[in-house]
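Numbers restart at 1 for each chain; the letters A, B, ... are given by sequence-line order, proteins then strands.
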Amino acid sequence: MLKVYNTLSRQKEEFDPVEDDKVRMYVCGLTVQNYSHLGHVRGAINYDVIRKYLRYKGYKVTYISNFTDINEKIIARAELEDMQPMALAYKYTKAFLEDLENLNIEKADHYCKATENIDAIQEMVQTLIDKGFAYETNGNVYFRVEEFEDYGKLSGRNLEEMIAGTRKKVESDKENPLDFALWKKVDESEEIAWDSPWGRGWPGWHIECSAMSLKELGKTFDIHGGGTDLIFPHHENEIAQSEAYSGVKPFVKYWLHNGTVNMSGDKMSKSLGNFYTTRELLEKYTADQLRYFVITKHYRSPIEYSDKEIESTNTSLNKLINTKNSLENVLKGKYDFKDIEKDVGLYEKVKKKKKEFLDAMDDDFNTALATGVLHEIATEINKVINVSNFVLTQQLYNDLKKVYNIYMELVDILGLTLQGEKEENKSDKFNELVNYILELREEARENENWEFADKLRDDLDEMGIKVKDTPRGTEWEIN
RNA sequence: GGCGGCAUAGCCAAGUGGUAAGGCAGAGGACUGCAAAUCCUUCACCGACGGUUCAAAUCCGUCUGCCGCCUCCA
């Protein structure tokens, strides 16, 4: 039974979607004003795994995400880069989609953009005004938070306290300092703006997500995800305007929030400037390495990024890769079967571990625990195939094949490939050549010409080809 | 100041009532011509102080420290 931690109730709840076999989820995307960074990627990886696991559980998952492609930040950045705002938004939208591709993160089923949903947004704003939940003043439209009795239910705040705690007096045309903008008037000189019943302007930040998720997923959908830093005000406001608009509660059944990525003690963010872009990271690390770094921590915990830590998890990941490679080498069938009775019970052990893995995932997507189980499986496999007296029987071969399938099935859920860094460089000719060199080395070893044998190995190593004399014979890989 | 969260070995990190998964680093050993890979062994008085309980890392209280949000943020 799957349990998920719901920010709304602040506890784990049994997952029970609106429709039995379907899951509709919406994940807040980003403002496409710059290249994405690890903070965005962390969330994207978390929800990618969640989506994969839900699908594994048999749900048909609809995954929607968005791009905020018009606001002050985009305009400001466009000026900086001397581009048209729309062109800038396009540039970084494209860049982000490329990043996802390079990270082996599945694309959303549909991405919506604020600028393509102005009509839906305006319709929503107008309805909120008609219902008395919003008011227009001086070309701005604000949501009247006091009209919405549940305001604060997601973030655990109440209006009185918040008003009392308001830091400074904002002189504005709002009735209440906590009222938030649904529609923002913009200066006449602004090239990009839309006409509306309230004057030329832009959508407020929160309204786009409400309008688009309602449009794509309906008045009540299952999962809404985003970073913990979006709980207030963004998601709080989404609830208020969505439920006020539709009259249907709840807007979302399960609110999921992933932790932030910190660096040197502070949240990695564009405004603080302490971030690595995804592109920078991908120059140094593989998609698997970044993903593994992320999923060895629980999705709700904050992560402290450091090069040292990611190097350490890379070593850990290598063990999983090595196990896969060794297993594949065995299954390639170049070993003769010995006709003896020998059941090492590997398959049974791995089946048990698989259940542990799935239990971990059922417990609020505990990928940290699950990867631990994966390591235990790898150790069990290594114990069988990496021994000096390795004997392959038909029965063991069959078991290893089943075990391999389980191993990769679980690895797939996590979205890992366990591909070595440059597997694609292995062409047939290349394989042939390396194997030929290793034959020469084998001859040298038989003649105890260690010097030459080691030279071949060292030279190959320098070219990035690692040679290993395993109990099963010599194997090699690119790294 | 308000709201929320966290504090587990040198480091990272699971674990929410029955005396601590996993990984990195370290130490010792096995295997190897030497390596690499792999395996085995070893490595925690669970921030402090009280309380509840037969039993607490796990529940309650106080304290200390850290983080997020309250302004744009994944």
How far, in whole Å, is [M] from [N] if one measures between their [atom1] atoms?
N	M	atom1	value
C70(B)	G22(B)	C1'	38 Å
U19(B)	G28(B)	C1'	28 Å
A48(B)	G4(B)	P	25 Å
U16(B)	C60(B)	P	14 Å
G68(B)	U52(B)	P	37 Å
G61(B)	A25(B)	P	41 Å
U53(B)	C11(B)	P	36 Å

Next on the checklist: Does C39(B) have its OP1 or OP2 closer than 4.0 Å to a side-chain nitrogen or oxygen of Asn382(A)?
Outcome noted: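 So the side-chain polar atoms of Asn382(A) do come within 4.0 Å of the phosphate oxygens OP1 or OP2 of C39(B), strictly under.
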Next on the checklist: So, does Ser306(A) get its side chain near the phosphate of C11(B), meaning an N or O under 4.0 Å from OP1 or OP2?
Outcome noted: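 For C11(B), neither OP1 nor OP2 has a side-chain N or O of Ser306(A) closer than 4.0 Å.
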Heteroatom pairs (N/O) under 3.5 angstrom, protein to nucleotides 23-27 of chain B:
residue: G23(B); atom: OP1; partner: Lys319(A); partner atom: NZ; Å: 3.4
residue: G23(B); atom: O2'; partner: Ser316(A); partner atom: OG; Å: 2.6

Item to check | Asp412(A) with Lys52(A): basic N within carboxylate O range, under 4.0 Å | outcome: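 No, Asp412(A) and Lys52(A) are not salt-bridged.
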Both distances below 3.5 Å, Watson-Crick or wobble geometry, any strand: find the nucleotide opposite [N].
N	answer
A36(B)	none
C49(B)	G61(B)
U16(B)	none

Next on the checklist: Over all strands shown, is Leu230(A) touching base, sugar-phosphate only, or nothing at heavy-atom distances under 4.0 angstrom?
Outcome noted: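 Sugar-phosphate only.
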Checklist entry - Base, sugar-phosphate, or nothing: which does Ser301(A) touch, judged by heavy atoms less than 4.0 Å apart? => result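 Touches sugar-phosphate only.
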Item to check | Contact nearer the 5' end of RNA chain B, comparing Glu356(A) with Cys28(A) | outcome: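 Whichever sits nearer the 5' end wins; that is Glu356(A).
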Next on the checklist: Return whichever of Asn318(A) or Val373(A) has its heavy-atom-nearest nucleotide of RNA chain B closer to the 5' end.
Outcome noted: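 The answer here is Val373(A).
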Determine the interplanar angle of the [X] and [Y] rings, folded into 0 to 90°, and report it as parallel if under 30°, tilted if 30 to 60°, perpendicular if over 60°.
X	Y	value
Trp255(A)	His257(A)	parallel
Tyr35(A)	Tyr92(A)	perpendicular
Tyr305(A)	Phe293(A)	perpendicular
His206(A)	Phe180(A)	perpendicular

Checklist entry - Looking at G15(B), does its base get a donor-acceptor pair with the side chain of Asn366(A) below 3.5 Å? => result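 A donor-acceptor contact between them is absent.
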Checklist entry - With no angle test and no hydrogens, is the base of C6(B) tied to the side chain of Arg300(A) by a donor-acceptor pair under 3.5 Å? => result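 Flag unset: no donor-acceptor pair detected.
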Checklist entry - Looking at residues at least two apart in the chain, or sitting in another chain, which of them share a ring-ring contact (aromatic ring centres under 6.0 Å, His included) with Tyr142(A)? => result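 For Tyr142(A), the residues satisfying ring-ring contact (aromatic ring centres under 6.0 Å, His included) (neighbours in sequence not counted) are Tyr135(A).
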